[in-house]
Colleague: 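Please find one structure pasted underneath; my questions will follow.
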Amino acid sequence: MIEQILTKHALDAVSRLFNTQVEPSLLAVQRTIPAFRNQGDFSLVVFPLLKISRKSPEETAAVLGQAIMESMEEAESFGVVKGYLNIRIKSLYWNHFLASQVRNGNFGLKHEKEGRPVVVEYSSPNTNKPLHLGHVRNNLLGYSVSQLLNASGRNVIKVNLVNDRGIHICKSMLAWKLFGQGETPESSGKKGDKLVGDYYVLFDRKFKEELAGLMARGLSEEQATAESVMMKQAREMLLKWEARDEETLELWNKMNAWVYKGFDATYKRLGVDFDRIYYESQTYLLGKKIVEEGLQKGILFRKDDGSVWIDLTENGLDEKLLLRSDGTSVYMTQDLGTAQLRADDFNPGQLIYVVGNEQNYHFDVLKLVLQKLGRPWADSIYHLSYGMVELPEGKMKSREGTVVDADDLMDEMIATARAMTEELGKIEDFNSTEAEALYSMVGLGALKYFILKVDPKKNMTFNPRESIDFNGNTGPFIQYTHARIRSILRKAGEEIQFTGPVSLHPKEADLLIMLYQFPQVVGQAAGDLSPSVVANYLFEVAREYNQFYHELTILKEEDLNTRTLRLALSQLSATVIRNGMSLLGIDVPEKM
RNA sequence: GGCCCUGUAGUUCAAUGGAUAGAACGGAAGUUUCCUAAACUUUAAAUAUAGGUUCGAUUCCUAUCGGGGCUACCA
């Protein structure tokens, strides 16, 4: 990469000029800001060298620039502004780059894989309610991060750990049993996950009613909860489930099957998938052996009531429960077990958990416990902690029905895409299948981009009353740019045989250098596990292309070499957009 | 109370410790005999506050103030 070549020459120049070696980090190369593009393409900051050079910033930059000119054949010229050395790279270099990559459809994506695999857990839904906007963020992030790692040369295993058991599952089962009158997805026409979710809400309503009645009779909330018949029955059902009671298991299987069918439909629409699905009903007993091992090693301790804990006070945390006094597992016990399971199954180099930031503490503990137990792979656990999606009124709550449903949201986005497309009337030649595919592509593109362009760790607000934009810094804008480019390439109707060399207009150079950086952007996004890096980059590319498109003619350019250059630039721009968007899980249309 | 995350234009987002803090939406004003106007151009508008480290701080440190989360024998 040219940045590294430049750094190397700068380091050599420093040692020649000042007879001193300096840390490469002192000579970071950056893209020259637009205000000084007339001087160069890349810049070096020389302030850190002043102590060595014993010269003024300007003088230091000037001698360094001169020295680089002499040794670096790719360098064309340099300019100095205060302590900044701006280097112009020869357009020949960029010509070569373009010629070599213009027909590479995989530009920016590594296909050869190396190293141990990365396990990415994401989605991890509960089977008592449908997916909502919070899950959407999780799913999109998990999928995109997997794509990023894959594109940067890692083998990725996407796993989903489905929470299919527990008291909350019993609640919807109980409500259905008591009030459902045999309702099924078929009989009601409701999607299975929605149907089950409705009963979960119904349980909560009935329970609250009962609670209110009991409290009116003078019981405290705690007493009322303990007395509640609804709650008692739910707990009984959980005990029956754990005792493998046949009738309970049958109901559980039936309702979970409804939910899975619903989830599958949502996942499919959302475009996410998994290589391996774990079910908590099969993993919740794991981890007890690990706890036993910890007790033997003296890392964990047992309290008088029989419960098992770990003392993390010296790590700045509290004591944490790992096994209840009755010997049953908690979430942490199971997670210790499933982590071990994954380590055994895949021998991964990295274990990534895409889980909301409300569980930061949980993952700190998980990692610490495994480290203390001497698991060498504990260090490779990484909690990709993302921020909550909030409504203007605050947090979404399933039980209170204040959630933005994933399916409804997708429906709305697609409906908006349809309305907008019909209004613009550009796809009259599409048949209905093609048109539907486009609405879906654009609607989902808007939704996915909206979510992924935000830094994962930040909370984000979603206002259901203001629809997600289709103009500006949005998915459809980038998709539109792609369609525009494809339109030109179709009209050109030829295989692009760019060989160069051609001198570059500033707009051409800006665009080309931006495209050149795509592989680095992918690398950075994968390293940071941040799709937003790619999203924001693609927006810049689309904007840059549109300016180029607006300012310069392509098909009607009379100079053949220049025309081919611009077609090649268009081609590579389309490739970068398509490949980049695929990393976000977004498709791009040929026409829109 | 303790711990963690977070405060950037009216709003939603950017900016490995580097130049004059970028965009988008919304506001104001323009560009279609021209390859797709879901576009392009111009314009007003922001680093919560106070210190510190540094040649240089939106970025790092400390305090204050605001927002969120965790701190369950829940998951």
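Sequence lines set the chain letters: A, B, ... in the order given, protein chains first and strands last, and positions in each chain run from 1.
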Colleague: So what does Leu552(A) hit on the nucleic acid, given a heavy-atom distance under 4.0 Å: a base, only sugar-phosphate, or nothing?
Modeller: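 Contact class for Leu552(A): base.
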Colleague: Give the rounded distance in Å between these two atoms: CD of Glu358(A) and P of rU6(B).
Modeller: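 Result: 17 Å.
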Colleague: Which nucleotide in the set rG18(B), rA19(B), rU36(B) lies at the smallest distance from any side-chain heavy atom of Pro48(A)?
Modeller: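 Among the listed nucleotides, the one closest to the side chain of Pro48(A) is rG18(B).
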Colleague: Under 4.0 Å, heavy atoms only, any strand: does Glu280(A) hit a base, just the sugar-phosphate, or nothing?
Modeller: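 Sugar-phosphate contact only - Glu280(A) comes under 4.0 Å of backbone atoms but never of a base.
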Colleague: Using the side chain to side chain donor-acceptor pair (under 3.5 Å) criterion, which residues pair with Ser570(A)? Sequence neighbours excluded.
Modeller: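 In terms of side chain to side chain donor-acceptor pair (under 3.5 Å), with neighbours along the sequence ignored, Ser570(A) is linked to Tyr545(A).
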Colleague: Is the distance between the ring centroids of Trp241(A) and Tyr284(A) under 6.0 Å?
Modeller: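 Here the rings of Tyr284(A) and Trp241(A) have centres that are less than 6.0 Å from each other.
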Colleague: How far, in whole Å, is rU8(B) from rA46(B) if one measures between their C1' atoms?
Modeller: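 Those two atoms are separated by 6 Å.
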Colleague: Identify which nucleotide among rU36(B), rU71(B), rA75(B) has an atom closest to any side-chain atom of Ala483(A), counting heavy atoms from C-beta outward.
Modeller: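 Of the candidates, rU36(B) comes closest.
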Colleague: Looking at Arg324(A), does any N or O in its side chain come under 4.0 Å of the phosphate oxygens OP1/OP2 on rA72(B)?
Modeller: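 It does not, given that no N or O in the side chain of Arg324(A) lies less than 4.0 Å from OP1 or OP2 of rA72(B).
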Colleague: In whole angstrom, give the distance that lies between atom NZ of Lys556(A) and atom C1' of rC35(B).
Modeller: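 Going from NZ in Lys556(A) over to C1' in rC35(B) covers 6 Å.
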Colleague: Could you tell me how far rC35(B) sits from rA29(B) if I compare only their C1' atoms? Round to whole Å.
Modeller: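 Their C1' atoms lie roughly 27 Å apart.
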Colleague: Using the side-chain heavy atoms of Thr32(A), tell me which of these nucleotides is nearest: rC35(B), rA19(B), rU16(B).
Modeller: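 When the side chain of Thr32(A) is considered, rA19(B) is the closest of rC35(B), rA19(B), rU16(B).
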Colleague: Whether Asn360(A) contacts rC5(B) is assessed here as follows: a side-chain N or O lying under 4.0 Å from the phosphate OP1 or OP2. Is that the case?
Modeller: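 Asn360(A) to rC5(B) OP1/OP2: no side-chain N or O under 4.0 Å.
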Colleague: May I ask you to verify if any side-chain N or O of Thr553(A) is less than 4.0 angstrom from the OP1 or OP2 atom of rC35(B)?
Modeller: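 Thr553(A) to rC35(B) OP1/OP2: no side-chain N or O under 4.0 Å.
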Colleague: Between rA75(B) atom P and Lys320(A) atom NZ, what is the distance in whole Å?
Modeller: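 Distance check: Lys320(A) NZ to rA75(B) P gives 10 Å.
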Colleague: Below 4.0 angstrom, N of the basic side chain to O of the carboxylate: do Lys208(A) and Asp204(A) qualify?
Modeller: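 Salt bridge between Lys208(A) and Asp204(A), a charged N being under 4.0 Å from a carboxylate O: yes.
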Colleague: Given the C1' atoms of rG7(B) and rG26(B), what is the spacing between them in whole Å?
Modeller: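 Going atom to atom, C1' in each nucleotide, I get 22 Å.
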Colleague: Take atom CE of Met514(A) and atom C1' of rG22(B), then tell me their distance rounded to the nearest Å.
Modeller: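 After rounding, the reported distance stands at 12 Å.
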Colleague: Would you please test Lys507(A) and Glu551(A) for salt bridge (Lys or Arg N to Asp or Glu O under 4.0 Å) and show each step?
Modeller: CA-CA 8 Å; Lys507(A) 275 287 150 205; Glu551(A) 211 163 303; 5.1 Å; no
Colleague: In whole Å, what separates the C1' atom of rU31(B) from that of rA37(B)?
Modeller: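 Between the two C1' atoms, the distance is 9 Å.
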Colleague: Would you be so kind as to tabulate the donor-acceptor pairs closer than 3.5 Å made by side chains of residues 518-529 of chain A, with sequence neighbours excluded?
Modeller:
residue   : atom : partner   : partner atom : Å
Gln520(A) : NE2  : Glu3(A)   : OE2          : 3.3
Gln524(A) : NE2  : Asp528(A) : OD2          : 3.2

Colleague: What is the distance, rounded to the nearest whole Å, between atom NZ of Lys171(A) and atom P of rC74(B)?
Modeller: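 Interatomic distance, NZ of Lys171(A) to P of rC74(B): 12 Å.
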Colleague: Please confirm whether the backbone N or O of Ser307(A) pairs with a side-chain atom of Arg324(A), one donor and one acceptor, at under 3.5 Å?
Modeller: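 Between the backbone of Ser307(A) and the side chain of Arg324(A) there is no qualifying donor-acceptor contact (under 3.5 Å).
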Colleague: Provide the distance between the two C1' atoms, one in rA9(B) and one in rU47(B), to the nearest whole Å.
Modeller: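 Going atom to atom, C1' in each nucleotide, I get 10 Å.
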Colleague: Among rC35(B), rU36(B), rA75(B), which nucleotide has an atom closest to any side-chain atom of Lys591(A)?
Modeller: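 Taking heavy atoms from C-beta onward, the closest nucleotide is rU36(B).
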Colleague: Distance-only check: which donor-acceptor pairs under 3.5 Å involve side-chain atoms of residues 78-85 of chain A, not counting sequence neighbours?
Modeller:
none

Colleague: Once each nucleotide of nucleotides 7-13 of chain B is scored for protein heavy atoms under 4.0 Å, what B/S/- sequence comes out, 5' to 3'?
Modeller: S-----S
Colleague: Sticking with atom C1', work out how far rG18(B) lies from rC70(B), rounded to a whole angstrom.
Modeller: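 These two C1' atoms come out 37 Å apart once rounded.
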Colleague: Taking only residues two or more places apart in sequence, or in another chain, which ones meet Arg578(A) in a side chain to side chain donor-acceptor pair (under 3.5 Å)?
Modeller: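 Applying side chain to side chain donor-acceptor pair (under 3.5 Å) to Arg578(A) gives none.
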Colleague: Syn or anti for rU32(B), with syn set at within 90° of 0?
Modeller: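 What rU32(B) shows is a syn base, its glycosidic angle lying within 90° of 0.
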Colleague: Would Arg165(A) and Glu242(A) pass as an ion pair if we require N to O under 4.0 Å?
Modeller: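 Answer for the salt bridge query: yes.
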Colleague: Look at Lys82(A) and rU20(B) and indicate whether a side-chain polar atom (N or O) is within less than 4.0 Å of OP1 or OP2.
Modeller: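 Lys82(A) to rU20(B) OP1/OP2: side-chain N or O found under 4.0 Å.
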Colleague: When rounded to the nearest Å, what value does the distance between C1' atoms of rU20(B) and rG52(B) take?
Modeller: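 Looking at atom C1' only, rU20(B) and rG52(B) are 26 Å apart.
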Colleague: Only counting residues at least two apart or in another chain, list the ones meeting side chain to side chain donor-acceptor pair (under 3.5 Å) with Thr60(A).
Modeller: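 Checked Thr60(A) against side chain to side chain donor-acceptor pair (under 3.5 Å); matches are Ser53(A).
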Colleague: For residues 382-392 of chain A, please give each side-chain donor-acceptor pair under 3.5 Å, one per line with the distance, not counting sequence neighbours.
Modeller:
residue   : atom : partner   : partner atom : Å
His383(A) : NE2  : Val355(A) : O            : 2.8
Ser385(A) : OG   : Asn360(A) : OD1          : 2.8
Tyr386(A) : OH   : Asn138(A) : ND2          : 3.1

Colleague: State whether the number of non-hydrogen atoms from other residues, nucleotides or ligands found under 6.0 Å of Arg54(A) atom CZ is greater than 12.
Modeller: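 No.
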Colleague: At 4.0 Å (heavy atoms only), tell me whether Val45(A) reaches a base, stays on the sugar-phosphate, or touches nothing.
Modeller: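 Touches a base.
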Colleague: Could you check whether Thr421(A) gets within reach of a base, just the sugar-phosphate, or nothing at all, counting any heavy atom under 4.0 Å?
Modeller: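 Base contact - Thr421(A) has a heavy atom under 4.0 Å of at least one base atom.
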Colleague: Mind listing the N/O atom pairs, protein and nucleotides 40-42 of chain B, below 3.5 Å?
Modeller:
residue : atom : partner   : partner atom : Å
rC40(B) : O2'  : His550(A) : ND1          : 2.9
rU41(B) : OP1  : Gln547(A) : NE2          : 3.3

Colleague: Please classify the nucleic acid contact of Gln334(A) as base, sugar-phosphate, or nothing, using heavy-atom distances under 4.0 Å.
Modeller: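 The answer is nothing, as Gln334(A) stays clear of every strand by at least 4.0 Å.
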Colleague: Check for me whether the distance between the ring centres of Tyr200(A) and His168(A) falls short of 6.0 Å.
Modeller: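 For Tyr200(A) and His168(A), the ring centres are not under 6.0 Å apart.
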Colleague: So Asn86(A), base contact, sugar-phosphate only, or nothing? Heavy-atom distance under 4.0 Å.
Modeller: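 Counting heavy atoms under 4.0 Å across all strands, the contact made by Asn86(A) includes a base.
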Colleague: Would you mind telling me which of rC35(B), rA75(B), rA39(B) lies closest to the side-chain atoms of Ile488(A)?
Modeller: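 The answer is rC35(B), which lies nearest to the side chain.
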Colleague: Nearest-Å distance, CG (Leu317(A)) to P (rG1(B))?
Modeller: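 Value for this atom pair: 20 Å.
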Colleague: Take atom OH of Tyr84(A) and atom C1' of rU20(B), then tell me their distance rounded to the nearest Å.
Modeller: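 Answer to the nearest Å: 11 Å.
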Colleague: Which whole number of Å gives the distance between the P atom of rC13(B) and that of rU33(B)?
Modeller: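 Result for the P pair: 39 Å, nearest Å.
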Colleague: Grab the stems for RNA chain B, please: at least three consecutive Watson-Crick or wobble pairs, both distances below 3.5 Å, written as range with range.
Modeller: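 In RNA chain B, stems of three or more pairs: B:1-7 with B:65-71, B:10-13 with B:22-25, B:27-31 with B:39-43, B:48-52 with B:60-64.
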Colleague: In chain order, what residues pass the ring-ring contact (aromatic ring centres under 6.0 Å, His included) check against Phe539(A), with sequence neighbours excluded?
Modeller: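 Once residues adjacent in sequence are excluded, the partners of Phe539(A) under the ring-ring contact (aromatic ring centres under 6.0 Å, His included) criterion are Phe477(A).
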Colleague: Mind checking side-chain contact (heavy atoms from CB on, under 4.5 Å) for Asp364(A) and listing every partner two or more places apart, or none if nothing turns up?
Modeller: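 Here the qualifying residues are Leu317(A).
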Colleague: Tell me the interatomic distance from Tyr331(A), atom OH, to rC70(B), atom P, rounded to whole angstroms.
Modeller: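 The distance from OH of Tyr331(A) to P of rC70(B) comes to 14 Å, rounded to the nearest Å.
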Colleague: Return the nearest nucleotide to the side chain of Phe47(A); candidates are rG18(B), rC35(B), rC70(B).
Modeller: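 Nearest to the side-chain atoms of Phe47(A), counting from C-beta on, is rG18(B).
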Colleague: Is the ring pair His362(A)/Tyr331(A) parallel, tilted or perpendicular, if the boundaries are 30 and 60 degrees?
Modeller: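 Geometry flag for Tyr331(A) against His362(A): parallel rings.
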Colleague: Hey, can you pull the residues of residues 33-43 of chain A with a non-hydrogen atom under 4.0 angstrom from RNA chain B?
Modeller: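 Contacts with RNA chain B under 4.0 Å: Ile33(A), Ala35(A), Phe36(A), Ser43(A).
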Colleague: Establish, yes or no, whether the cationic atom of Lys303(A) lies under 6.0 Å from the six-membered ring centre of Trp309(A) and within 45° of the ring axis.
Modeller: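 Yes.
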